[in-house]
Amino acid sequence: AQSVAQPEDQVNVAEGNPLTVKCTYSVSGNPYLFWYVQYPNRGLQFLLKYITGDNLVKGSYGFEAEFNKSQTSFHLKKPSALVSDSALYFCAVRDGGTNAGKSTFGDGTTLTVKP
Amino acid sequence: NAGVTQTPKFQVLKTGQSMTLQCAQDMNHNSMYWYRQDPGMGLRLIYYSASEGTTDKGEVPNGYNVSRLNKREFSLRLESAAPSQTSVYFCASTLKPGGSNTGELFFGEGSRLTVL
């Protein structure tokens, strides 16, 4: 079985400050990890992924995420937040050792960036 | 390039009525999925189709049926709607995971269903 935990329902930051959205995961095989963003009344959009290689991965809109195998974490980060980053963020995991392709999502974290 | 298209976007049903949510993708993807999104519960997988001709149950399949009509289309049917099925439904697709493909999902805009 695989699972994802996003421990914070809500994260509030001021514009220009760094932001972190936390994610921890559990999977029996190789973890394929993803972050998605959802704007109001829209579908989810893929932001970035970790498959293998460098622990720091870069994605769209200036976001990056740090993979930590020992802590089974994949936290989303951005050095300087924008008001337009305000949205709902989902972390997801898939077992890279199977071809079933089923991704399990966390419950989501609402990011609010205040001017 | 439309990506993943879902219809209808909104629907109100009475308890016991049936309906089908349609999903089509034009990205030549092999795998398609139906998720439901409820407040505070993230996305839960209802059914998926790893490739044309196959379908499998996900985490919450009860009360739903699916049909993989062809490579492009994957429909979700509610035979007898219940208030507990009030939700936002998302269709997603990806190239069949494996090899160099890592399986990130492409989502439709969602179908908001209310069952009274």
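Note on naming: letters A, B, ... go to the chains in the order of the sequence lines (proteins, then strands), and numbering restarts at 1 for each one. Atom set for the values below is all heavy atoms of this structure, side chains included, hydrogens, waters and symmetry mates excluded.
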In terms of side-chain geometry, is the basic nitrogen of Lys102(A) or Asp95(A) positioned less than 4.0 Å from the acidic oxygen of its partner?
no
Between Gln37(B) and chain A, which part of the residue has a heavy atom less than 4.5 Å away: side chain, backbone, both or neither?
side chain
Residue Lys71(B) excluded, over 12 heavy atoms near NZ under 6.0 Å:
yes
What donor-acceptor contacts under 3.5 angstrom involve side-chain atoms of residues 59-67 of chain A, with partners at least two apart or in another chain?
unit_1   : atom_1 : unit_2   : atom_2 : d
Glu64(A) : OE1    : Lys58(A) : NZ     : 2.9
Glu66(A) : OE1    : Lys77(A) : NZ     : 3.0

Tell me, yes or no, whether the heavy-atom count around Asn70(B) atom CG, taken from other residues, nucleotides or ligands under 6.0 Å, exceeds 12.
yes
So does Asp26(B) pair up with Arg72(B), basic N to acidic O under 4.0 Å?
no
Using the rule given for side chain to side chain donor-acceptor pair (under 3.5 Å), can you reason through Ser18(B) versus Arg77(B), listing the C-alpha separation, both sets of side-chain angles and the distance that settles it, and then say yes or no?
CA-CA 7 Å; Ser18(B) 62; Arg77(B) 183 161 179 84; 3.2 Å; yes
Heavy-atom distances under 4.5 Å only: say whether Ile51(A) touches chain B with side chain, backbone, both or neither.
side chain
Hey, can you tell me if Phe105(A) and Phe107(B) have their rings parallel, tilted or perpendicular (30° and 60° cut-offs)?
perpendicular
Side chain, backbone, both or neither of Gln38(A) within contact of chain B (heavy atoms, under 4.5 Å):
side chain
Does any backbone or side-chain atom of Leu45(B) lie under 4.5 Å from a heavy atom of chain A? Answer side chain, backbone, both or neither.
side chain
NZ/NE/NH1/NH2 to OD/OE distance under 4.0 Å, Glu104(B) and Lys49(A)
yes
Name, in order of residue number, those residues of residues 108-116 of chain B that have a heavy atom at a distance of less than 4.5 Å from a heavy atom in chain A; otherwise write 'none'.
Gly108(B), Glu109(B), Arg112(B)
